Number of protein chains: 2
Amino acid sequence: MTPQRRAIIQILVEDDNTHPTAEQIFARVQDTMPNMSPATIYNTLHELVEMGVLSELELGLGGRHYDLIMTDHAHLVCLDCKRIEDVPYDHGALALPDEQAHGFQVVDHRVIFRGYCPACALSPG
Amino acid sequence: MTPQRRAIIQILVEDDNTHPTAEQIFARVQDTMPNMSPATIYNTLHELVEMGVLSELELGLGGRHYDLIMTDHAHLVCLDCKRIEDVPYDHGALALPDEQAHGFQVVDHRVIFRGYCPACALSPG
DNA sequence: ATCCCTGCAAAGCCTTTGCAATGCA
DNA sequence: TGCATTGCAAAGGCTTTGCAGGGAT
């Protein structure tokens with residue numbers, strides 16, 4: 001547990017629910033540790049994912065977002081401005097029937113709702 | 001409708017359910033049109049997505065996969081070998097309650113089941 | 001003749017890698 | 001002291017852009 005890792009985790013805890021990308025985390029961490037390298041960010045994020053503390057999300061927005069694992073939830077994304085919201089979701093609610101599982105051991109599933117946020121629904125573009 | 005577009009569409013129709021990436025399509029199209037440029041692939045795919053013929057999938061596998069829109073289905077991915085399977089899924093089955101929608105106009109949602117295919121479940125790594 | 005599409009080449013963005021130096025335990 | 005971690009710099013993969021040539025209508 002190094003200062004670098006503490007700083008990264010702190011950003012994730014403070015900015016919970018912004019779902020930052022590695023790049024955004026990198027940008028923010030510059031404030032306190034201006035010469036942290038990208039490699040450190042990526043290393044740390046991967047380890048935290050490995051440890052099960054973070055989840056890495058691909059939401060169809062063209063980047064990888066990192067999310068502290070707090071509770072069961074799905075994501076709601078604005079296809080226009082890329083805003084991301086958490087929504088409550090019970091992962092027990094949806095199961096893949098055995099006969100459709102192709103013999104897979106299913107470990108989890110993810111749900112993404114896509115649409116337009118209030119602002120973008122009014123003025124598309 | 002140019003020969004290039006026909007070739008790309010044909011690959012998608014023939015290889016339905018392999019969910020190729022742009023790169024994979026690019027590689028395959030070389031067989032018949034060796035000097036098609038990447039730009040053409042990407043342009044065409046984007047247009048087809050725009051037209052609603054294809055959907056672009058980010059499945060957490062680190063690339064963008066293209067899928068002919070035939071029928072309602074979800075995706076099942078192997079976290080190890082990255083195999084992708086279609087599974088039947090009724091998109092009417094899951095709805096986001098208004099009070100959780102943050103005012104969004106929800107247009108659709110996507111479901112990804114994650115797990116390990118039979119081969120990878122036996123010999124992980 | 002016009003306009004859209006193509007190929008080419010280069011740049012771009014994000015991420016990963018290799019290696020030497022650092023510093024934590 | 002020893003070993004994991006860091007920073008740096010460079011490379012890598014994939015995608016996008018700009019521009020000029022070419023084909024189709």
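These numbers come from a predicted model, not from an experiment. Residue numbers start from 1 in every chain, and the chains themselves are labelled A, B, ... in the order their sequence lines are given, proteins ahead of strands. In what follows, every heavy atom counts, from backbone to side chain, and hydrogens, waters and symmetry copies are set aside.
- A straight line from CG of N35(B) to C1' of dC8(C) spans 11 Å, rounded to a whole angstrom.
- Computed from coordinates, the I9(B) CD1 to dC5(C) C1' distance equals 14 Å when rounded to whole Å.
- Of the residues near DNA chain D, A39(B) and P3(B), the one whose nearest nucleotide (by heavy atom distance) lies more toward the 5' end is A39(B).
- Between L54(B) and D67(B) there is no side-chain heavy-atom pair separated by less than 4.5 Å.
- Ring to ring, H102(A) and F113(B) are not that close: their centroids are 6.0 angstrom or more apart.
- One can place CG of L45(A) at 13 Å from C1' of dC14(C), the figure rounded to the nearest angstrom.
- Nearest nucleotide to the side chain of N43(B), out of dT16(C), dT6(C), dC8(C): dT6(C).
- Rounded to whole Å, the distance from CE on M1(B) to C1' on dT6(C) is 15 Å.
- Summary of the strand contacts: P38(A) and E47(A) both lie near DNA chain D, and taking for each the nucleotide with the nearest heavy atom, the more 5' one is attributed to E47(A).
- Between T40(B) and the phosphate of dC5(C), there is no side-chain N or O to OP1/OP2 separation shorter than 4.0 Å.
- Regarding contacts with the backbone of dT15(C), a side-chain N or O of Y42(A) is found under 4.0 angstrom from either OP1 or OP2.
- As rounded to whole Å, 14 Å separates atom P of dT22(C) from atom CD of Q4(A).
- Note on F26(A): it does not cluster hydrophobically with L61(A), by side-chain heavy-atom contacts below 4.5 Å among ILVMFWY residues.
- Nucleotides of DNA chain D lying under 4.0 Å from heavy atoms of chain A occupy a range whose first and last members, 5' to 3', are dT5(D) to dC8(D).
- Residue R64(A) has a polar side-chain atom (N or O) positioned under 4.0 Å from OP1 or OP2 of dT16(C).
- With T44(B) contributing its side chain and T40(B) its backbone, the two residues share a donor-acceptor pair below 3.5 Å.
- No single ILVMFWY cluster, assembled from side-chain heavy atoms under 4.5 Å apart, contains both L57(A) and M51(A).
- Proximity of R64(A) to T21(A): side-chain heavy atoms (C-beta onward) are nowhere separated by under 4.5 Å.
- If you chain together hydrophobic residues whose side chains sit under 4.5 Å apart, L96(A) and L79(B) never meet in one group.
- In this entry the distance linking NE2 of H65(A) with C1' of dT15(C) reads 15 Å, nearest Å.
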